[in-house]
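These notes are about the structure you will find just below.
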Protein chains: 2
Amino acid sequence: MSQRNTRVTVQVVNADACPVREVLDRVSGKWSVQILVAAAHGPIRFTELERSIEGISRRMLTLTLRNLERDGLITRTVHPTVPPKVEYELTPVARELHETLQRLTNWAERNRVYIAESRAAYDEEHRPDGAGADA
Amino acid sequence: MSQRNTRVTVQVVNADACPVREVLDRVSGKWSVQILVAAAHGPIRFTELERSIEGISRRMLTLTLRNLERDGLITRTVHPTVPPKVEYELTPVARELHETLQRLTNWAERNRVYIAESRAAYDEEHRPDGAGADA
DNA sequence: CGGCATCCCGCTAGATACTG
DNA sequence: CAGTATCTAGCGGGATGCCG
């Protein structure tokens, strides 16, 4: 019992060293991914983004855009015309991310029904009404 | 059919039309992914999870576990022994998700430096000190 | 057109304490 | 060992208003 402790396999998933958290932090915002998706088709203007993403506010659009720009995921191009025109475009790095994101989307679509049913079953089973077994 | 005017004024589209949000909601929690990763190696006990995920609280571990179980992503097996023993394991669906997640992780690892540099450059450029060009 | 500032609220998650 | 309950802070993000 001197040197051999019982914890054999417990590999620490340290948050600091965990790239999973890295990417999640990049994507965790409510609107980040939708912006990436909306901008994936090519350069897009501020107002176009605003209109294509239902429910987003100017504020959140700006903030999220700034963050994505800061992370080098989108470029911001200002055209100094009289009606201001600003175009946003994905960087190559963001395009790679977008491809990966699409795999996630595919997963979601494939298993959407399964998840919904799981939820329903779980909720049913945990009803306060006491429908634990069956009726 | 005549009075189909159910005022579903909810402009939010319920995430039904947006699979991106679907998967993000599933993964958005601060600890969800790390739990999935930690449990990916095989059945794992509550305390093992708690120790392998640095910084997680009992509360959040339980809550996140419950949500993952509810979504059908993990199974919870209670062994009615005298010291209680509960094992958690990924469902097949979650294993698929985990694979996809690993692609995300790969992306993060590949571009971690790029992102860090982008951030540094952005922060430098937007310093209140006015170091816009160069020194 | 594009964007920033302010106020405000709800949700997430941390700390702490108790239980079967 | 494996949870549950409460209380609270912090932050994301919605609403609104003003500016280049």
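A quick note: this is a predicted structure, and the numbers were derived from the prediction, not measured. Every heavy atom of this structure was used, including side-chain atoms; hydrogens, water molecules and symmetry mates were not. Per chain, numbering begins at 1; letters A, B, ... match sequence-line order.
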- Message: Does anything in residues 71-90 of chain B come within less than 4.0 Å of DNA chain C? Heavy atoms only, and list the residues if so.
- Response: B:Pro84

Under the side chain to side chain contact (heavy atoms under 4.5 Å, CB included) test, which residues partner [X], sequence neighbours left out?
X	value
A:Glu48	A:Ile44, A:Arg45, A:Arg51
B:Ser118	B:Tyr114
B:Ser28	none
A:Gln102	A:His98

Provide, to the nearest angstrom, the distance between the [atom1] atom belonging to [X] and the [atom2] atom belonging to [N].
X	N	atom1	atom2	result
B:Ile56	D:dG3	CD1	P	12 Å
B:Leu63	D:dG3	CG	C1'	11 Å
B:Arg51	D:dG3	CZ	P	15 Å
A:Leu49	C:dG3	CG	P	10 Å
B:Arg21	D:dG12	CZ	C1'	12 Å
A:Asn67	D:dG12	CG	C1'	11 Å
B:Leu61	C:dA13	CG	P	13 Å
A:Ile44	C:dC1	CD1	P	15 Å

- Can you sort out the partners of B:Tyr122 under ring-ring contact (aromatic ring centres under 6.0 Å, His included), two or more places apart, ordered by chain and number?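 Testing B:Tyr122 for ring-ring contact (aromatic ring centres under 6.0 Å, His included), a comparison that skips the adjacent residues, returns B:His126.
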
- Contact nearer the 5' end of DNA chain D, comparing A:Arg58 with A:Lys30: A:Lys30

Nearest-neighbour nucleotide for the [X] side chain, [options] considered:
X	options	value
A:Trp31	C:dC4, D:dG14, D:dA2	D:dG14
B:Arg66	C:dC1, D:dG3, C:dG3	D:dG3
B:Thr62	D:dG3, C:dG14, C:dG3	D:dG3

- Message: Applying salt bridge (Lys or Arg N to Asp or Glu O under 4.0 Å), can you list everything that pairs with B:Arg103, at least two apart in sequence or on another chain?
- Response: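 By the salt bridge (Lys or Arg N to Asp or Glu O under 4.0 Å) rule, B:Arg103 matches no residue at all.
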
- Sequence neighbours excluded, which residues qualify as salt bridge (Lys or Arg N to Asp or Glu O under 4.0 Å) partners of B:Glu99? none

- Query: For D:dA2, does either OP1 or OP2 sit under 4.0 Å from a side-chain N or O belonging to B:Thr47?
  - Reply: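 For D:dA2, OP1 or OP2 has a side-chain N or O of B:Thr47 closer than 4.0 Å.
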
- Message: Salt bridge check, B:Arg110 against A:Glu96: does any charged N sit closer than 4.0 Å to a carboxylate O?
- Response: yes

- Salt-bridge present (A:Arg21, A:Asp25; N to O < 4.0 Å):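 So A:Arg21 pairs with A:Asp25 through a salt bridge.
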
Polar atoms only, N or O, under 3.5 Å: list the protein pairs with nucleotides 5-8 of chain D and their distances.
none

